[in-house]
Asker: 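Take this structure first; my questions come after.
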Number of protein chains: 4
Amino acid sequence: MSAGEGEASDAIQLSGAARRKRESRRKLMAAARKLFVERGYHETRPQDISREAGVGHGTFYLHFEDKLDCFLAFTEEAADELHVFVETHHAVAGSIEEGIRELLTAIFEYSDENPGVLAAALTDVSVLSTGDTGRRMPVDRWAEVWSELLEKWKETGEAAPDLDVRMAGYLIVGAIKQGGAYGYRRKLDRTKMIEGMTRLFVRALKK
Amino acid sequence: MSAGEGEASDAIQLSGAARRKRESRRKLMAAARKLFVERGYHETRPQDISREAGVGHGTFYLHFEDKLDCFLAFTEEAADELHVFVETHHAVAGSIEEGIRELLTAIFEYSDENPGVLAAALTDVSVLSTGDTGRRMPVDRWAEVWSELLEKWKETGEAAPDLDVRMAGYLIVGAIKQGGAYGYRRKLDRTKMIEGMTRLFVRALKK
Amino acid sequence: MSAGEGEASDAIQLSGAARRKRESRRKLMAAARKLFVERGYHETRPQDISREAGVGHGTFYLHFEDKLDCFLAFTEEAADELHVFVETHHAVAGSIEEGIRELLTAIFEYSDENPGVLAAALTDVSVLSTGDTGRRMPVDRWAEVWSELLEKWKETGEAAPDLDVRMAGYLIVGAIKQGGAYGYRRKLDRTKMIEGMTRLFVRALKK
Amino acid sequence: MSAGEGEASDAIQLSGAARRKRESRRKLMAAARKLFVERGYHETRPQDISREAGVGHGTFYLHFEDKLDCFLAFTEEAADELHVFVETHHAVAGSIEEGIRELLTAIFEYSDENPGVLAAALTDVSVLSTGDTGRRMPVDRWAEVWSELLEKWKETGEAAPDLDVRMAGYLIVGAIKQGGAYGYRRKLDRTKMIEGMTRLFVRALKK
DNA sequence: CATGAATGAGACTTCATTCAT
DNA sequence: GATGAATGAAGTCTCATTCAT
C-alpha cells in the first residue's frame, strides 16, 4: 500500500525527507489560509500559523521567506483554485450573457465553499508592503481572465468594438470585489446578486 | 475664556489656548495626510506624524483617540473635500450621461490635485482593524452618493427601473477604485478614462 | 540647592526631561560597562543591560542605535577615562624612560581601578561586525597616543631616528594588550610587569 | 574492517566508510577555514560550512562537537601549518638577529600564501565563549615558540639575562598581531615591515 | 495645552543542534 | 556514515501609547 503511493501521482516516489517536507508545507498552507481568512494579514503572526499547523516556529521559515511570502503563496493558491472552478463552468463556450453569468456563478460558488478566501486573497498588497514584490497579484490575474473573455467577445462581435478590454477587466473585478463585500455583509441572496450583476455587466459590455 | 465661542465665524477671536489647539490639529491633519498617502497606514507611526507636524508626540493623543482614529479623520476630511468638488460639478442637474461624466470628472480632478489621497482614503479599514469601528467609511459615503443619483434617475425614468441602486452604488465605487488604480499605474490619459468609464456606466444603467 | 546645580557644569540648567534622559543614559552606560566587562559582548543582550540599568527595554534604543552602537559608546568612554589617567601622569614631560614608565603606570593603575575594562574595550570590533563602522576604535586612539610621544622623542633625539612611529605605536599597543592579558591571567606583580615592559620598550626605542 | 589501521601510511587502504569520513572532514575543514577567514566566527553558521563543503548539515556534527570545536580545529590546523613554515626557516640555527628575521619572514610568507588565516586563527577565544575550553590556543603556542627561542639566546648569552622569556613571548606575539593587522590594512611593504620589526625586537632583546 | 522620555508587550526572524530516515 | 527537515529558545528591535513635568 505504501509502495508506489497507489496513484499515478506527479511525484512517483517521494523519499521520506521530501515527503515530510511536503507534508509540513501542506499543513502550513492550510493553517495560513485559515488564519488569514479569519483574522486578516496583520492579526496573524507567523508563530500562530506554525502552532495552528502543529510544526515548530522555525519550520515556517523553511518554507517561506517571510510572512509576506507566505501570504502571497496563499493568494496564489486561492487563485489557482478559483481558476479550476471557472474552467469547469466553461464561460468561454457561450454567448456574452451566458459567459458572464457562468463566470459570476463560478466565483460565487467558490466563495460559498471557501467563505472569506477571495476577500482575503484580494487584499491589496500595497497595503502590506512598500516596494514591489515582483509577484503578480490575484487582482491582476483575474482582471486578465476577464480581459481575455471580453477580447473574444469583441472578436465574435458580441461586445462593443470600442471597448478597452484591459480597463474593463479591472473595472469588473473592482465591482465584483466591492459588490461582493457589500452583498456578503448584507447577506443578500446569491442568485439575485448574480442576476443583478449579470444584467448590469451585459448591458455595459454588449454591442 | 469661553468668549469667542459661538460667534458667526469660528475663526474669529479664539482664546490663545483654543487657537493653539486648533493650530496643532491642523498641522497634525496635514502631516497625517502626507504620510498616509506617501507610506500607507502601517508604515506611518504616530511619532512620524507628530514630528512631521512639528509637535510633541504626546500632542497626537490630545487630538486623536488612537492611530486608527487619526486615519479615519483623514478619510473623512478627504471625503468632505471630494464632496465639495462633486457639488461644484452639479452632477445632479443634468441627464444621466452628463451626470455620470460630471461626477467622474470631479473625482479625477480631485485626484489630480490630491494625488494618492483617494486611494489612501479608500483603504479597506477591515484590513486595519478587526472590530467594527462604528464609523461610516468613505466607501459607504461614496456608494451612497451614487445610489442617490441613481435613485433620482430611476424616478425621472432615465435609469433602468429594475436597478438595485444600493448594490449598483457599490459596484460603481469598486469599479472606479480598481480602474483608477490601474489607470494611475499605467499613466493613462485622464480624458480617455473618463470617456471610457462614462460610456460603460451609462450603458449599464440607462433604461 | 537644586537651583543652578551648584557647579559651573556644562549644562547650566537642565530641564526636567533632558535631565531624566541624561540620567537614563548614565544608568545604561554603567550597566553596559558592567556587563560587557563581566560577560563580554556576545553574552550580553540589550535587555540585560536595560534590566541592570533599571529602565525599560525600549529605553535602550532611545539612547543607542543598536547593540554595537552601545558597545562603541562604552569603548569611547573607557578611552576617555584612560586619557585622563594618562594626562595626570604627564608622560610627555620627561625623558623617554620616565615617559614610558609613567604611561605604563597610568595604564596599569587604570586597569587596577577598572578591572577588565581595557581588555573589553580593546575587543576587536571586526569580530563583532562585518562592515566598517566608521568609528575610530580605542586601539587606534591609543596607538596614536604612543606615536605622538615617539615622534616627540625622535625630535628631541632620544628615540632612534629611523623609527616608524605609526607602526611602533601599534606594536606597543599590541604588546601591552597581549602582555597585560597574560599578566592578569598569571596574576603577576604589577610593579614587576611595568619594570619589565619599560626595560624592553626603552631598549627597543632608544637611540 | 579494522584492517588497514596501524599501517605505515595512514592513507593506505582505508575501508570505504572510513575513507568517506576522512574525505568529509577534509571538505569541512577547508570550508570552515574559508568562511572563518572571510566572514569571521559569528557570521559563519555550521550550515554555511556544511553547504560550502557539499555535505549534509548533520555531517558537521559527526566531525565536530559543536561550532567552537570546529573553530578550534581550524586554529590548530593553522598553527600546524605555520609551524612547518617556521621550521623550514630554521630560525633556531642562527644569531638572535638572523633568528628573529627568519621567524618574521616565515610568518609573513605564510600570511601571504594564506591571507587572513593568522588573523582569524588569533581571534581571542574568550570573545567567543565564556567558559574555559581546556584547549591550548594558537596565541599560547606561538608565544611559547618565541619563549623557547629567547631562552636559547639567553643561554648563548645573546639575549639580555634579565629577560622574562614568557612575558616577552606574549609581548612579541601581541606586537606582531597588532602590527601585522595595521600593516595589512595600510598595505605596507612586507620587506620593510620585517626589517622594521626585526630592528625593534633585536634592540629590545639583545644583551 | 504641550511635551518627549519612557515603556514593555510583542513582532519577526535566526541558528546551533537533534534525530528520524 | 550521511542526510536535511525540523526544532524552539533566544535574539534584536519596534511602536502604539502613557505620564511626569
Side-chain angles (χ1 to χ4, degrees), chain A residues 15-25 42 44-48 50-51 54-68, chain B residues 15-25 42-51 55-68 70, chain C residues 15-25 42 44-48 50-51 54-68, chain D residues 15-25 42-51 55-68 70:
Chain A
S15 73
R19 198 226 284 291
R20 275 213 303 165
K21 186 162 191 176
R22 241 177 133 84
E23 185 62 12
S24 285
R25 190 185 169 88
H42 285 287
T44 301
R45 299 168 308 165
Q47 66 177 286
D48 296 330
S50 302
R51 187 180 314 120
V55 302
H57 305 127
T59 306
F60 181 91
Y61 290 93
L62 229 53
H63 293 277
F64 307 108
E65 201 123 309
D66 52 24
K67 186 179 158 182
L68 181 58
Chain B
S15 73
R19 205 224 299 286
R20 270 170 73 200
K21 177 157 191 181
R22 175 166 290 238
E23 184 62 12
S24 283
R25 189 186 168 88
H42 285 287
E43 307 295 319
T44 301
R45 299 169 310 170
Q47 302 194 19
D48 298 328
I49 297 174
S50 303
R51 188 178 315 120
V55 304
H57 305 151
T59 307
F60 182 91
Y61 288 92
L62 292 175
H63 294 278
F64 306 108
E65 200 125 308
D66 53 24
K67 185 179 159 182
L68 182 57
C70 174
Chain C
S15 73
R19 197 226 284 293
R20 274 212 306 163
K21 185 160 192 178
R22 241 176 135 85
E23 185 62 13
S24 284
R25 191 187 168 87
H42 284 288
T44 301
R45 299 168 307 165
Q47 65 177 287
D48 296 331
S50 303
R51 188 180 313 118
V55 303
H57 305 132
T59 306
F60 181 90
Y61 290 94
L62 229 53
H63 293 278
F64 306 108
E65 200 123 310
D66 52 23
K67 185 179 158 182
L68 181 58
Chain D
S15 73
R19 205 224 303 282
R20 270 171 72 200
K21 178 157 192 181
R22 176 165 289 238
E23 184 62 10
S24 284
R25 190 187 168 87
H42 285 288
E43 306 296 319
T44 301
R45 301 168 309 170
Q47 302 194 20
D48 298 329
I49 297 174
S50 302
R51 188 178 316 120
V55 304
H57 305 151
T59 305
F60 182 92
Y61 289 91
L62 293 176
H63 294 278
F64 306 108
E65 200 126 309
D66 53 23
K67 185 178 158 182
L68 182 58
C70 174

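Throughout, a chain's letter reflects where its sequence line sits, starting with A, and its residues are numbered from 1. Below, each value reflects all heavy atoms present in this structure, side chains not excepted, and no hydrogens, waters or symmetry copies.
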Asker: Heavy-atom nearest nucleotide on DNA chain F for B:Thr44 versus C:Asp66: which residue maps closer to 5'?
Answerer: C:Asp66

Asker: Report the distance from atom OH of A:Tyr61 to atom P of E:dT13, rounded to the nearest whole Å.
Answerer: 4 Å

Asker: Check the distance between F:dA16's P and B:His42's NE2 and give it to me in whole angstrom.
Answerer: 10 Å

Asker: Would you mind telling me which of F:dT3, F:dT17, E:dT7 lies closest to the side-chain atoms of D:Thr59?
Answerer: F:dT3

Asker: Does a side-chain heavy-atom distance below 4.5 Å link D:Leu62 with D:Ser24?
Answerer: no

Asker: Below 4.0 angstrom from OP1 or OP2 of E:dA2, is there any side-chain N or O of B:His63?
Answerer: yes

Asker: Distance check needed: E:dA2 P versus B:Lys21 NZ, whole Å only.
Answerer: 7 Å

Asker: Mind grabbing the angle between the end helix axes of the helix from E:dA2-F:dT21 to E:dT21-F:dA2? Five pairs an end, 10° rounding.
Answerer: 10°

Asker: C:Arg19 vs C:Glu23, test: side chain to side chain contact (heavy atoms under 4.5 Å, CB included). Steps then yes/no.
Answerer: CA-CA 6 Å; C:Arg19 197 226 284 293; C:Glu23 185 62 13; 5.7 Å; no

Asker: Rounded off to whole Å, could you give me the CD-to-P distance for the B:Gln47 and F:dC13 pair?
Answerer: 17 Å

Asker: Tell me the interatomic distance from A:Leu62, atom CG, to F:dG8, atom C1', rounded to whole angstroms.
Answerer: 13 Å

Asker: Should C:Arg20 be listed as having a side-chain N or O under 4.0 Å from OP1 or OP2 of E:dA5?
Answerer: no

Asker: What does D:Ser50 touch in the nucleic acid at a heavy-atom separation under 4.0 angstrom: a base, only the sugar-phosphate, or nothing?
Answerer: nothing

Asker: Do the side-chain N or O atoms of C:Ser24 get closer than 4.0 angstrom to the phosphate oxygens (OP1, OP2) of E:dA5?
Answerer: no

Asker: Please determine if a side-chain N or O atom of C:Arg45 lies less than 4.0 Å away from the OP1 or OP2 oxygen of F:dG11.
Answerer: yes

Asker: Could you state the atom-to-atom distance from NZ of B:Lys67 to C1' of F:dT17 in whole Å?
Answerer: 12 Å

Asker: Test of understanding: with salt bridge (Lys or Arg N to Asp or Glu O under 4.0 Å), list the residues that count as partners of B:Arg45, not counting sequence neighbours.
Answerer: B:Asp48

